[in-house]
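For the single chain, residues carry numbers from 1 onward in sequence order. Since this is a predicted model, take the numbers as computed values, not measurements.
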Amino acid sequence: MFSFFFNSLYRLYQYQRSKSMKNMGGIPRYVDLGGHSIFYWEFNAEHAKPIIFLHGLLDEGFSNRRIVRELLGDRKHILVFDLPGYGRSKLPKIKYLFQIDVWADLLLASFKTLGLKDIHLVGHSMGGLVSQHLVLKDKEKRISKLVLLAPGGMPHPKREEIRELLFPKTEKSVVALLHHLYGDEAPEPGYLMRKTLVTVWNGWENHFLQENTLEREDEIFHGKRVGDIKIPTLILAGSLDEITPPSMMNQMNRWIKRSKLVWLEGARHAIHLERPKEIAQQILKFTHR
């Protein structure tokens, strides 16, 4: 009974998100992969050189709205995807499908089906990890530039503590995660929203992803293998981020030889929501080169 109520509340929240994206000029679309449909929002479809956004864990494409809004005035062709299994990109209840590298295969198939080339790919957090897999799997060289926003990419030095943080199971742990994301600026969700987030974030989808990632950690996290990324790469990171901390960002910058690391001073992990204007400016500068 309570689960149904909270899921209904979350669907209302998703409806409001959808309305917001439409008001910005976004067109909701699906790409059919023959059994799976991947959802995305498209802006300014008449323009070339697409910028593609991939979101992080426990999120949806809507989370990139603030950066997208900043970019719209530049008339960029923008596609904002819901990762497979998230938002409207539903997947069947098959554990094997909830793996980072499998998602990369599905997204590459989506790019090919849509005929997208010369892609500027932007990924936040887990979306940054998926983006790394995409670039390394991209044999047709569809992706020409990569932007990583506080990206995942290697096991955290405090992995058990972070694992507990990223998969919150109680209302208290939901609030703790929000504070790690935003620091003193963290929103304080009300009773119903806390209950809803606990219910939704503890769905079978996230359990499948967690179990698969732990079982294949050496394959999912590339470590030094990210050095095989040869395209120009921009890494944007918050100086106060505890989820993808400065030590990890510096290491990734050393491994990816054609990368540039830019610090957003005073920002935490949710830089896409904290500093959208600065990020948009950095994206424009980087993609115009």
Side-chain angles (χ1 to χ4, degrees), residues 51-68 80-87 89 98-101 103-104 107 121-135 146-159 161-168 174 176-183 185-186 197 200-201 205-206 209-210 212-214 217 220-223 226 229 233-253 256 259 261-264 267-276 278-279 282-283:
I51 299 178
I52 292 179
F53 284 86
L54 302 179
H55 62 81
L57 181 68
L58 307 178
D59 223 327
E60 298 174 12
F62 174 77
S63 65
N64 287 298
R65 68 195 180 281
R66 295 183 182 177
I67 304 175
V68 171
V80 182
F81 279 78
D82 283 353
L83 288 174
Y86 283 75
S89 295
F98 288 81
Q99 307 194 64
I100 298 292
D101 52 348
W103 293 351
L107 287 163
L121 182 62
V122 183
H124 173 251
S125 193
M126 182 180 73
L129 178 55
V130 176
S131 297
Q132 295 161 45
H133 279 268
L134 277 161
V135 172
L146 176 62
V147 180
L148 299 173
L149 309 178
M154 62 193 79
H156 196 283
K158 298 179 180 178
R159 63 177 66 186
E161 180 181 324
I162 292 299
R163 191 176 298 151
E164 290 291 325
L165 179 71
L166 293 179
F167 292 91
V174 165
L177 175 56
L178 291 174
H179 279 278
H180 272 77
L181 292 172
Y182 302 102
E185 302 300 319
L197 292 176
V200 173
W201 286 352
E205 301 91 340
N206 289 322
L209 174 64
Q210 183 180 22
N212 287 332
T213 301
L214 292 176
E217 196 172 75
I220 298 303
F221 296 106
H222 295 111
V226 295
I229 294 175
T233 300
L234 174 65
I235 303 170
L236 298 173
S239 64
L240 300 182
D241 190 349
E242 297 176 89
I243 296 176
T244 54
S247 60
M248 292 171 60
M249 299 298 94
N250 282 321
Q251 184 62 76
M252 187 172 293
N253 179 222
I256 303 176
S259 68
L261 175 57
V262 175
W263 294 106
L264 301 180
R268 291 183 179 264
H269 189 64
I271 58 174
H272 60 310
L273 296 174
E274 291 182 86
R275 303 290 181 83
E278 292 174 60
I279 291 174
Q282 289 288 343
I283 290 174

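Within the 4.5 Å cutoff, side-chain heavy atoms of Ile283 are placed close to those of Val122. Proximity of Leu148 to Leu234: side-chain heavy atoms (C-beta onward) are nowhere separated by under 4.5 Å. Side-chain contact between Phe53 and Ser63: absent, with no pair of heavy atoms (C-beta onward) separated by less than 4.5 Å. Residues Tyr86 and Leu57 are in side-chain contact: their nearest non-hydrogen atoms beyond the backbone lie under 4.5 Å apart. In this structure, the side chains of Met249 and Pro151 come closer than 4.5 Å at one or more pairs of heavy atoms. A 4.5 Å side-chain heavy-atom check between Val262 and Ile235 finds every atom pair outside the cut-off.
The CG atom of Asp241 sits 10.0 Å away from the CG atom of Leu264 when rounded to the nearest 0.5 Å. Note that CD1 of Ile100 and CD of Gln132 are 10.0 Å apart. Values are rounded to the nearest 0.5 Å. Between His222 atom NE2 and Met252 atom CE the span is 10.0 Å, to the nearest 0.5 Å. With values rounded to the nearest 0.5 angstrom, Ile51 atom CD1 is found 10.5 Å from Leu121 atom CG. To the nearest 0.5 Å, atom CG of residue Asn64 and atom CZ of residue Phe81 are 12.5 Å apart. Rounding to the nearest 0.5 Å gives a distance of 5.5 Å between CG of Leu236 and CG of Leu149.
Heavy atoms only, all atoms of each residue included: Pro276 and Arg66 are closest at CB-CB, 3.5 Å. Residues Ala104 and Leu134 approach most closely at O-CD2, 3.3 Å, considering heavy atoms. Listed here is the closest heavy atom pair of Ser239 and Pro246: O-CG, 3.6 Å.
Side-chain atoms of Thr213 come within 3.5 Å of backbone atoms of Leu209 as a donor-acceptor pair (strictly under, hydrogens ignored). Remark: the backbone N or O of Ala150 is not paired with any side-chain donor or acceptor of His272 at under 3.5 angstrom. Between the side chain of Ser259 and the backbone N or O of Asn253 there is at least one donor-acceptor pair closer than 3.5 Å.
Less than 6.0 angstrom separates the ring centroid of His269 from the ring centroid of His124.
Using cut-offs of 30° and 60° on the angle between ring planes, the pair Trp103 and Phe98 is perpendicular.
The side chain to side chain contact (heavy atoms under 4.5 Å, CB included) search around Arg65 returns Met21, Met24, Phe62, Leu273, not counting sequence neighbours. The side chain to side chain contact (heavy atoms under 4.5 Å, CB included) test applied to Ser89 returns Ile38, Phe39, Asp82, not counting sequence neighbours.
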TODO: Applying salt bridge (Lys or Arg N to Asp or Glu O under 4.0 Å), run through Glu242 and Arg268 and close with a yes or a no.
DONE: CA-CA 7 Å; Glu242 297 176 89; Arg268 291 183 179 264; 3.1 Å; yes
